[in-house]
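Report on one structure; see the data block that follows.
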Amino acid sequence: MNLAFLAPTLLVGLVAVAVPIAIHLISKRRARRVQFALLELLLRSQKKTARSIRLRELLLLLVRALMVAALAVAIAQPFLEERAARVTTAPLVVIVVLDGSASMQAKPGGGRSLFERARRAALDALRAEPADVRTAALACGGAKEGGVFELSAPTFERARVVQALEDAAAGAYHSSIPACLDRAVAMARAVAGEGERRVLVFSDLAAHALLGARTSENGAGLVVEWRPATETAVPNRAVLSAAVERVATRAGSALSVPFRAAAFGGAAEVEADLLLGGARAARLTLPLSDGRALERRFHADVDARPEGEPITEATVALPADAFSLDDHVTLPVDASGALDVLVVDGAPQALRFQDEVFYLESALDAVRGGRARLRFSTVGAEHVTRAQVAGARVVVLANVGRLEDDVAAAIVEHVQAGAGLLLSMGDQIDVEWMNAKLAPLLPAPLRGSKGQALLDDASVAEVLSLTRMRAEHPLFGALAAQGSVEAVDVPGLARVRTHTLMLVEPSVDRDAIVLARFSNGAPALVERAAAAGKVITLLTTIDRDWSDLAIRPGYVPLMQQAVLYLGGALEDVGPRTVVVGEPRTLRAPTGAVELVVEKPSGARASLPLEAQARSATYKGTDEVGLYRVWSRGDGGDLRERLDERFAVLVHEAESDTRTAAADALASALPQGASARTAGDADKGTKIWPYLLLAAALLLLVEAAVLKKSFS
Amino acid sequence: MSEGDARPADAAARLLSAETLYGIRPLELRARVIAEGVLAGAHRSKRFGSSPDFAEHKVYTPGDDLRHLDWKVLGKIDRNYVRRFEDETQLEVAIIVDTSASMAYAGGARGRYGISKLDAAKSLAAALSFIALARGDSTGVSLFAGRDVDLVPSRAPRQHIAHIAEHLDAARAVGPTDLLGALERASARMRRRGLVILISDLVDAGRAALGPLGVLRRRGCDAIVIHTLDRDELDLPFDGVIRFEDLEGDRVVQVDAPLVRDAYLSELRAFLDEIRSECVRLDVRYALAATDESPVLSLRTALEGASVLLHAEAA
């Protein structure tokens with residue numbers, strides 16, 4: 001049995017024992033002088049009492065010194081290590097289970113983390129075991145992986161187990177102690193021989209860690225010792241989840257950030273902040289009650305903000321506490337919700353209804369608010385500038401014959417950089433110029449227009465209808481019935497009659513998809529990817545010149561969908577958050593050969609893409625924070641995919657740092673296993689409460705001595 | 001003195017507290033006030049004798065003997081006057097006051113200072129002188145410290161009080177105590193029947209020091225010992241460690257006062273018992289006069305039963 005101290009440095013307080021001694025000595029020298037008449041009587045009194053007074057003073061000095069010493073030692077928190085007394089027989093095997101889950105990263109009081117404390121205690125426990133005992137180590141969650149994993153198999157090589165423990169690190173994963181115990185049981189039972197199989201669980205023993213299905217592993221003969229990393233639960237306040245939504249407002253669009261927050265280990269009134277671009281944009285006071293999630297929503301009018309860096313991130317933050325992983329959540333914010341569309345009118349007319357883009361403008365004008373607000377401008381083909389092209393997310397070339405070469409080049413570059421292009425045909429089209437200048441964007445070289453009515457062939461219908469539409473494509477999302485892969489009759493478009501179309505060369509680019517064909521088999525609507533951008537080509541007119549598409553019910557939704565699709569507004573990326581350890585599916589642009597993901601710590605991982613693959617799954621979500629994504633095209637250049645960024649959150653259960661109740665500990669035990677209480681742990685018997693009691697008793701003794709002296 | 005007799009004196013004592021009385025200046029007036037307080041309870045206000053020699057008329061006051069009411073005056077002017085006569089039996093009163101250094105003690109424990117024992121003794125001596133002179137006794141005072149004696153010779157005229165008060169006022173507390181010598185000298189001076197009053201703190205006085213009082217008693221003199229002590233000396237109410245220094249010598253003792261208090265009080269009781277028992281043995285009256293008590297009460301205690309002063313011989 002050894003005497004040890006939790007805070008040995010505080011033993012310096014023993015110096016205070018000198019205080020009563022000093023007072024004793026000083027008080028003797030500090031006597032008051034009084035002239036007195038009956039000195040003879042005093043002399044006689046002193047002779048009678050001198051002996052008892054000296055004894056009493058010594059007793060008082062002793063009591064006071066002991067009292068100070070008891071307090072000084074009690075502050076250092078002494079305890080008796082009872083290992084030797086407790087271990088009557090050496091165990092067969094000792095398995096150390098180290099909890100490396102997220103909640104173990106809490107740092108109560110700002111000092112060492114719970115994981116560090118647990119690991120130190122585990123190492124102490126291992127070193128205290130006799131050398132002829134097999135030891136092993138398991139981790140419940142770690143820095144790079146979740147679940148249970150073996151640090152070291154049962155072995156007599158103590159150094160190996162110690163090294164494995166020293167190399168272990170806590171991660172942000174959620175872990176289940178019962179699952180760990182099952183693994184420990186299996187490991188212990190694999191050791192042949194007679195004797196106690198002991199499992200030491202070093203964990204914060206938070207209630208969440210004990211949740212989880214327990215298998216029917218037979219734990220007979222197994223002794224589980226709970227070794228809590230902290231005496232008291234660590235109070236925690238957490239942002240459990242958050243999302244960023246764009247909502248339409250009169251002034252434009254605003255950010256709406258719904259979030260859930262909770263307090264664990266005691267109710268608290270805290271202030272939650274919304275940080276945009278590093279600056280506080282909103283603040284809410286949250287009356288958090290213990291263990292109950294509170295839902296609130298921030299609103300921030302981002303369009304009203306002064307000019308500056310665009311908002312790319314939004315952070316919901318609570319005041320910092322001992323467990324920092326869930327104090328804030330940073331979410332990606334996509335660029336402005338307004339979708340700028342540049343409509344280039346290739347055949348402007350004085351009469352508006354005769355204008356090439358009259359029907360298109362009418363269709364787009366109907367799009368208001370929602371997830372993407374359209375902001376379109378129309379310009380004549382001869383007046384288009386590079387700047388106008390650069391400012392648009394979607395460019396519509398409606399029956400545009402030719403453009404300035406630099407503008408054409410700007411369009412190609414802009415589209416390849418990620419913009420969308422809607423191309424429609426008409427009588428103004430200069431096929432040669434198109435094939436020469438916009439080749440990278442065309443699904444195939446244009447051959448020229450063909451009017452059905454001019455064909456002198458009875459077998460050829462005068463008009464063509466649209467058919468073989470790919471209904472699963474988002475373009476027909478508002479029209480096609482769910483589940484129809486190739487709907488011949490898409491409501492609203494089935495009765496479209498076209499008499500003139502633009503023919504293309506048969507060698508359709510492999511990146512191109514024919515979304516609809518004319519009834520003669522010629523492509524009618526083609527999509528192709530152009531590096532990071534998308535191009536949709538309508539091989540007839542966008543107005544009524546060659547086709548009656550513009551007056552069919554399907555025209556308005558088709559045009560709206562086309563523009564929104566090209567602008568990326570239709571892509572429903574779903575929640576932008578995942579929990580630590582969850583895989584994340586990332587979309588890749590057409591032609592991309594690799595995705596690169598950057599973790600919050602800056603570490604990058606590469607995801608090679610198979611041919612034609614439009615998505616890839618990323619599994620390295622082992623850090624909490626915002627992840628960035630890049631795509632690499634054939635050319636080798638990296639382009640950041642802002643809309644693919646995502647946030648990784650800590651598992652909600654890990655935020656609940658409340659300590660498990662005794663019955664929860666009992667129910668987490670494997671069947672047949674027995675548990676040892678915390679009092680049996682290596683921490684031993686606490687002595688300081690007795691010292692405090694002794695100090696109180698000494699105080700009473702002092703008072704009694706004083707009272708007796710003065711009475 | 002009957003129980004009812006004490007009431008006026010008690011009332012006077014209540015009205016005239018120690019602080020009030022000791023604050024009166026000059027000493028002569030203080031003596032007169034104290035004496036009046038002492039005598040207020042007596043049946044006879046002053047001792048006038050019953051000799052045939054008429055002395056004076058006095059306005060009748062309750063307590064005067066109705067036998068001396070002058071009926072003729074009453075008949076003439078319708079007022080009550082009593083006739084007073086010179087007493088034939090004049091006493092010699094010797095008041096011996098200790099002025100040694102130990103009488104300078106005026107308290108000081110817990111920061112409270114009162115009057116010194118010497119001041120109290122002076123007041124008592126003056127009051128006694130006043131009383132004695134008022135009844136026509138020949139009164140003298142001797143102030144002693146060591147072998148030095150300041151003697152005010154014994155005289156009977158009432159004006160003698162001024163002379164006595166002057167000497168008392170001038171007295172200072174210095175020198176050692178020589179009680180035995182002082183009493184022996186007083187004894188030698190007493191030539192006829194009289195009254196000896198000793199006012200002292202009796203510091204360092206053993207049994208033997210009071211011996212001359214026994215001699216006086218055997219010669220027919222009356223004797224009273226008024227033992228003057230400060231409240232601090234009676235209770236030792238000091239706190240903490242105190243370095244006590246002797247007022248009459250070089251002795252020093254450092255003690256934790258609360259710790260020795262019990263032993264000190266025990267010693268004090270033994271000392272007082274010794275003094276009292278010696279007084280009883282010598283048939284000398286003894287009164288303890290604490291300086292914080294009203295001198296009126298102290299004197300009444302001292303003179304209780306001393307008919308020589310409080311009661312007219314003729315009564």
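Convention: sequence-line order gives letters A, B, ...; per-chain numbering from 1. Atom set for the values below is all heavy atoms of this structure, side chains included, hydrogens, waters and symmetry mates excluded.
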Locate the shortest heavy-atom distance separating Ala37(A) from Asp246(B); write the atom from each residue and the value.
O-OD1, 4.1 Å

Is there a side chain to side chain contact (heavy atoms under 4.5 Å, CB included) between Leu259(B) and Arg56(A) once you walk through the steps?
CA-CA 10 Å; Leu259(B) 298 183; Arg56(A) 174 249 182 210; 3.6 Å; yes

Quick one: do Phe238(B) and Arg32(A) satisfy side chain to side chain contact (heavy atoms under 4.5 Å, CB included)? Show the steps, please.
CA-CA 10 Å; Phe238(B) 294 94; Arg32(A) 191 155 62 91; 3.8 Å; yes

Interchain contact, [X] with chain A, by part (heavy-atom threshold 4.5 Å):
X: Tyr105(B); result: side chain
X: Phe271(B); result: side chain
X: Val260(B); result: both
X: Leu265(B); result: neither

Okay, side chain of Ser45(A), backbone of Tyr264(B): is any donor-acceptor separation there less than 3.5 Å?
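Between the backbone of Tyr264(B) and the side chain of Ser45(A) there is a qualifying donor-acceptor contact (under 3.5 Å).
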
How long is the gap from [atom1] on [X] to [atom2] on [Y], to the nearest 0.5 Å?
X: Gln46(A); Y: Gln254(B); atom1: CD; atom2: CD; result: 9.0 Å
X: Leu39(A); Y: Phe244(B); atom1: CG; atom2: CZ; result: 8.5 Å
X: Leu38(A); Y: Leu236(B); atom1: CG; atom2: CG; result: 9.5 Å
X: Arg44(A); Y: Leu268(B); atom1: CZ; atom2: CG; result: 10.5 Å
X: Glu267(B); Y: Glu40(A); atom1: CD; atom2: CD; result: 8.5 Å
X: Arg261(B); Y: Thr49(A); atom1: CZ; atom2: OG1; result: 12.0 Å

Taking atom CZ as the centre, does Arg120(A) end up with more than 12 heavy-atom neighbours from other residues, nucleotides or ligands that are less than 6.0 angstrom away?
no

If you apply the rule side chain to side chain contact (heavy atoms under 4.5 Å, CB included), what do you find for Leu247(B) with Phe36(A), and how did you get there?
CA-CA 6 Å; Leu247(B) 275 165; Phe36(A) 203 64; 5.8 Å; no

Largest heavy-atom contact set with chain A, pairs under 4.5 Å, which of Met103(B), Glu245(B), Glu248(B), Arg251(B):
Glu245(B)

